[in-house]
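Reviewing the structure listed below.
Note that the numbering runs from 1 along the sequence shown for the chain.
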Amino acid sequence: MMQRFLSILVFLMFLACGDSSVNLEDVHYLNGYWEITEVEFPNGTTKEYGINSTIDFIHLENGKGFRKKLKPQFDGTYDTSKDVETLSTATTNGSVLLRYKTPLSEWEEKLVELDSLSFAVVNDEGVTYKYKRFEPLKIPQ
């Protein structure tokens, strides 16, 4: 009985300590159009987003690029401003960081989840932002 208990305990510890970190080689998944789905605050409360009037376009190449806000239009085009955030990647203590810079500010976010369809980042205040790949609305003609 004790051996069975220890086996289960070791298995659970293995699951809890599994490597769920993001690899720097996977940041190419960030390229493209993204919409925010949820914000989770440090106190555990969340804010969910159903429909977004703006989306993010991210372009990275060799660890450098930009993020830009866009407004999708019904005809498949996008409205945008001239505002752009320069973006670079870095690694610190095994974590992948996204570093942003504008003429007025600089900040970074830790990339905590990433695959081809979604990603999540955590900022310095412990707020988690979750995104999914943007799918344009298809309006039948």
Side-chain angles (χ1 to χ4, degrees), residues 2-141:
M2 182 60 124
Q3 184 178 13
R4 187 173 178 182
F5 173 76
L6 287 174
S7 297
I8 292 172
L9 182 62
V10 168
F11 177 73
L12 290 174
M13 288 175 54
F14 175 77
L15 286 178
C17 296
D19 183 17
S20 63
S21 64
V22 175
N23 294 317
L24 191 57
E25 296 81 29
D26 293 336
V27 297
H28 69 276
Y29 286 132
L30 290 173
N31 284 316
Y33 300 89
W34 297 94
E35 66 180 317
I36 193 164
T37 58
E38 181 179 280
V39 176
E40 185 177 318
F41 299 95
N43 66 4
T45 61
T46 60
K47 179 178 180 181
E48 294 190 22
Y49 291 80
I51 297 176
N52 296 297
S53 61
T54 62
I55 61 170
D56 290 341
F57 176 74
I58 297 174
H59 176 77
L60 278 169
E61 193 171 324
N62 298 321
K64 296 189 184 300
F66 64 91
R67 178 171 75 172
K68 193 165 189 58
K69 296 283 185 193
L70 306 173
K71 286 187 177 185
Q73 304 299 300
F74 288 112
D75 65 358
T77 62
Y78 300 94
D79 279 345
T80 185
S81 70
K82 294 181 181 180
D83 297 331
V84 66
E85 300 165 353
T86 60
L87 173 60
S88 63
T89 59
T91 56
T92 303
N93 299 326
S95 297
V96 176
L97 302 177
L98 301 179
R99 293 187 172 150
Y100 299 94
K101 186 176 182 179
T102 68
L104 301 175
S105 184
E106 291 183 33
W107 68 98
E108 66 183 28
E109 298 171 326
K110 179 180 174 183
L111 194 55
V112 292
E113 294 177 24
L114 175 62
D115 61 37
S116 63
L117 300 176
S118 64
F119 77 92
V121 292
V122 177
N123 69 13
D124 290 339
E125 290 82 36
V127 179
T128 302
Y129 297 89
K130 297 181 181 182
Y131 294 83
K132 71 175 183 178
R133 184 138 331 255
F134 174 71
E135 294 288 333
L137 291 174
K138 306 274 190 220
I139 300 175
Q141 302 212 10

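In this structure the side chain of Thr91 never reaches within 4.5 angstrom of the side chain of Leu97, judged on heavy atoms. With contacts defined as side-chain heavy-atom distances shorter than 4.5 Å, the pair Glu35/Lys132 qualifies. The side-chain heavy atoms of Val39 and Thr128, taken from C-beta on, include no pair separated by under 4.5 Å. Between Val27 and Val96 there is a side-chain heavy-atom pair separated by less than 4.5 Å. A 4.5 Å side-chain heavy-atom check between Leu111 and Leu30 finds at least one atom pair inside the cut-off. Between Val127 and Val122 there is no side-chain heavy-atom pair separated by less than 4.5 Å. In this structure, Asp79 and Leu70 have side chains that are not in contact, with every pair of non-hydrogen atoms separated by 4.5 Å or more. Counting only heavy atoms from C-beta outward, the side chains of Glu85 and Lys68 never approach each other to under 4.5 Å.
Using modelled atom types and a 3.5 Å distance limit, the side chains of Asn93 and Ser95 yield no donor-acceptor pair. A donor atom on one side chain and an acceptor atom on the other are not found under 3.5 Å apart for Tyr129 and Glu109.
Note that the CG atom of Leu87 and the CG atom of Leu60 stand 4.5 Å from one another [nearest 0.5 Å]. One distance of note links CZ of Arg99 with CD of Glu108; it measures 5.0 Å at 0.5 Å rounding. For the atom pair NZ (Lys110) and CG (Asp124), the distance works out to 11.5 Å, reported to the nearest 0.5 Å.
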Test side-chain hydrogen bond (donor to acceptor under 3.5 Å, both in side chains) applied to Glu125 and Asn123, step by step: CA-CA 5 Å; Glu125 290 82 36; Asn123 69 13; 3.2 Å; yes
Verdict with supporting geometry, Asp75 and Thr77, side-chain hydrogen bond (donor to acceptor under 3.5 Å, both in side chains): CA-CA 6 Å; Asp75 65 358; Thr77 62; 2.6 Å; yes
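With sequence neighbours left out, the side chain to side chain contact (heavy atoms under 4.5 Å, CB included) criterion links Lys47 to Phe41, Tyr49. Partners of Lys71 according to the salt bridge (charged side-chain N to carboxylate O under 4.0 Å, His left out) rule, which considers only residues two or more places apart in sequence or in another chain, do not exist here.
Seen from the ring of Tyr33, Arg133 does not count as a face-on cation partner, given the 6.0 Å and 45° thresholds.
A donor-acceptor distance shorter than 3.5 angstrom exists from the side chain of Asp115 to the backbone of Ser118, with no hydrogens or angles considered. Of the possible polar contacts, one joining the Thr102 side chain to the Ser105 backbone as a donor-acceptor pair under 3.5 Å is found.
Salt bridge annotation for Lys69-Asp56: present, with a cationic side-chain nitrogen under 4.0 angstrom from a carboxylate oxygen.
The aromatic rings of Trp107 and Tyr100 lie parallel to each other, with less than 30° between the two planes, well short of the 60° mark.
Test Tyr131, Phe119, Phe134 against Trp34 for ring pair (Phe, Tyr, Trp, His ring centres under 6.0 Å) and you get one pass: Phe119.
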